[in-house]
Amino acid sequence: MLSCGLVGLPNAGKSTLFNALTRAGAAVAAYPFTTIDPNVGIAPVPDPRLERIAAIVKPERVVPATVQFVDVAGLVRGSSKGEGLGNQFLGHLRDTHAVVMVIRCFVDPDIAHIYGEVDPQRDIEILSLELMLADMATLERRIERTQTAAKSGEKRLLAELDLLRRLQAYLADGQPARTFAGEGDTSDFVGSLNLLSAKPALYVANVSEEELGAADAALAGRCAASPPVAAIQCIAAAEGAEVIAVSAKLESELNELSDDDAAAYLRELGVEEPGLARLVRASYRLLDLITFFTTTGGKEVRAWPVRRGTKAPQAAGEVHSDMERGFIRAEAVNYDDLMAAGSFAEARDRGLVRLEGREYAVQDGDIIHFRFGV
Ligand code: GDP
């Protein structure tokens, strides 16, 4: 399963956020949480389309798509050189597919910041630097190995060595691998290095409850941001990364309330929806996931995450391996077409239900019935 690693300096609010995400996930009954590592949590992806499909299908159960989050422990200044928990964070982060950086913006004299004042720019620099230093170590080892092997004079190895050195210089210059553009199509090779700073990233500004409404408005471009949020915005804009404002503390409090009370509380704060919902959706986009739906004989309406570009047989494989092996065809109707028609029967009459073959790339919002033989 694709996952996002949550990183942050101590007291940034990362664990509070992780716990809020995980508790939201624990409410999705279809998953065996007890078998999952304590630092791995699953969060449901809010998707209003599910309820509207369910209103047509009237199933017994509705199951949302989920995103997996990994709580990456122990990143401090000097981690990559063995400070704090040392480079333990590496192991956790290597296996994730994207990075969510939790940055402290809230001021609270009772909760110390290990580096003094609240300063998002410094914190982001520390986090980014540790990831890049870890990558530098990876590159050094790889360069040594390639250098030895390239003594044979093999062209491919010499080209790789050249690319590795250019990447090393790029990182040494303080640039993350994700913005490195080698000449020609080198992305597969760079991807195979599994560098931390190559993973897509987004920023979470952890603001106080009182500031959340204003931070949301600022991030939506409706007003100027407070200095800490503006600092994150500025760095993110340069990288083309997204920024989400949350109040980790508020999110954990919302979990204790009924849906109605939580909605009333958010209205009072001038916030449209919980930051968690926005964070989960942004993480979903970061992982380049899209959603297709199944209706399993009218019993269950379920949302499935797949990487954009996934072909129909592989999408079927997400549901069941037999469906991939015995794939015959997919009957697909897109959500918008179904809503316009009002029912599956009407969609069929209007010719909106398509028959798709093995080469069909599943589209976001497709409601699919897989035909397969065993
Ligand atoms: P971590 O070290 O990043 O995992 O930080 P924690 O999630 O353990 O949070 C550290 C402390 O900050 C805890 O006491 C939290 O209750 C508190 N905290 C987290 N988020 C907020 C927030 O938005 N506002 C305030 N005032 N405190 C927060």
Side-chain angles (χ1 to χ4, degrees), residues 1-4 24-25 27-33 35-36 40 42-69 97-98 280-281 283-374:
M1 195 195 258
L2 297 179
S3 64
C4 287
V28 190
Y31 296 90
F33 292 98
T35 61
I36 295 173
V40 177
I42 283 173
V45 182
D47 189 338
R49 294 176 298 185
L50 262 176
E51 290 308 322
R52 301 198 46 201
I53 297 169
I56 291 177
V57 177
K58 302 190 172 60
E60 288 159 22
R61 292 206 310 157
V62 176
V63 183
T66 55
V67 179
Q68 188 166 301
F69 288 92
H97 304 84
V280 171
R281 276 203 295 267
S283 304
Y284 204 69
R285 283 195 296 277
L286 198 62
L287 293 168
D288 208 18
L289 292 169
I290 59 167
T291 305
F292 74 89
F293 303 94
T294 54
T295 57
T296 340
K299 284 208 162 58
E300 177 184 274
V301 168
R302 181 158 176 172
W304 300 87
V306 281
R307 270 263 158 108
R308 189 180 302 281
T310 299
K311 299 277 169 68
Q314 285 70 47
E318 292 291 317
V319 182
H320 201 292
S321 52
D322 284 350
M323 289 192 178
E324 180 170 359
R325 226 174 299 124
F327 179 88
I328 298 170
R329 61 174 187 263
E331 289 176 23
V333 54
N334 200 267
Y335 170 81
D336 290 334
D337 288 340
L338 176 64
M339 289 302 136
S343 72
F344 281 98
E346 181 63 23
R348 213 173 288 277
D349 285 350
R350 294 190 195 175
L352 298 170
V353 178
R354 295 164 277 126
L355 286 184
E356 304 286 2
R358 310 190 71 84
E359 285 309 310
Y360 177 67
V362 170
Q363 301 296 304
D364 185 55
D366 277 352
I367 298 145
I368 305 183
H369 182 70
F370 294 107
R371 296 262 172 226
F372 66 107
V374 278

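- For the residue pair Gly309 and Ala361, the shortest heavy atom distance occurs at O-CB, 4.1 Å.
- Separation of atoms CE (Met323) and OG1 (Thr294) is listed at 7.5 Å; rounding is to 0.5 Å.
- Taking every heavy atom of both residues into account, Val280 and Pro44 meet most closely at CG1-O, 3.5 Å.
- Partners of Arg358 according to the salt bridge (charged side-chain N to carboxylate O under 4.0 Å, His left out) rule, which considers only residues two or more places apart in sequence or in another chain, do not exist here.
- The heavy-atom pair separating Gly298 from Val57 by the smallest distance is CA-CG1, 3.6 Å.
- Atom CZ in Arg329 sits 15.0 Å away from atom OH in Tyr360 (nearest 0.5 Å).
- Partners of Arg52 according to the salt bridge (charged side-chain N to carboxylate O under 4.0 Å, His left out) rule, which considers only residues two or more places apart in sequence or in another chain, do not exist here.
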Exercise. Assess whether side chain to side chain contact (heavy atoms under 4.5 Å, CB included) is satisfied between Val306 and Trp304, documenting all intermediate values.
Key: CA-CA 7 Å; Val306 281; Trp304 300 87; 5.5 Å; no

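- Heavy-atom minimum distance, Pro305 versus Ala65: CD-CB, 4.0 Å.
- Every residue meeting the side chain to side chain donor-acceptor pair (under 3.5 Å) condition with Asn334, not counting sequence neighbours, appears here in chain and number order: Asp366.
- Annotation: side chain to side chain donor-acceptor pair (under 3.5 Å) contacts of Glu60 (sequence neighbours excluded): none.
- Every side chain to side chain contact (heavy atoms under 4.5 Å, CB included) that Asp364 has, sequence neighbours left out, goes to Arg49, Ile290, Thr291.
- Here the CG-CZ distance, from Asp322 to Phe327, works out to 14.5 Å after rounding to the nearest 0.5 Å.
- Under the side chain to side chain donor-acceptor pair (under 3.5 Å) criterion, Glu300 pairs with Arg61, not counting sequence neighbours.
- For Asp349, the side chain to side chain contact (heavy atoms under 4.5 Å, CB included) criterion is met by Glu346, not counting sequence neighbours.
- Applying the salt bridge (charged side-chain N to carboxylate O under 4.0 Å, His left out) criterion to Glu51, with sequence neighbours excluded, gives no partner residue.
- Between Val362 and Ala312, the shortest heavy-atom contact is CG2-CA, 4.0 Å.
- Remark: Leu287 engages Leu2, Cys4, Val67, His97, Ala98, Leu289 in a side chain to side chain contact (heavy atoms under 4.5 Å, CB included) (not counting sequence neighbours).
- With sequence neighbours excluded, no residue forms a side chain to side chain donor-acceptor pair (under 3.5 Å) with Thr310.
- Within 6.0 Å of atom CZ in Arg350, more than 12 heavy atoms from other residues, nucleotides or ligands are found, so the atom counts as buried in its surroundings.
- Ion pair Glu331/Arg348 flagged as a salt bridge, since at least one NZ, NE, NH1 or NH2 atom sits closer than 4.0 Å to an Asp/Glu carboxylate oxygen.
- Applying the side chain to side chain contact (heavy atoms under 4.5 Å, CB included) criterion to Ile56, with sequence neighbours excluded, gives Leu338, Met339, Phe344.
- Residues passing the salt bridge (charged side-chain N to carboxylate O under 4.0 Å, His left out) test with Glu356 are Arg354, sequence neighbours excluded.
- Ile328 approaches Gly373 most closely through the heavy-atom pair CD1-N, 3.5 Å.
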Exercise. Report the C-alpha distance between Thr66 and Met1 in whole Å, list the side-chain angles of each, state the deciding distance to 0.1 Å, and finish with yes or no for side chain to side chain contact (heavy atoms under 4.5 Å, CB included).
Key: CA-CA 10 Å; Thr66 55; Met1 195 195 258; 3.8 Å; yes

Quiz item: Should Asp288 and Arg308 be marked as a salt bridge (Lys or Arg N to Asp or Glu O under 4.0 Å) after you check the CA-CA gap, both sets of side-chain angles, and the distance that decides it?
Solution: CA-CA 6 Å; Asp288 208 18; Arg308 189 180 302 281; 3.0 Å; yes

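- Note that OG1 of Thr295 and CD1 of Ile53 are 8.5 Å apart. Values are rounded to the nearest 0.5 Å.
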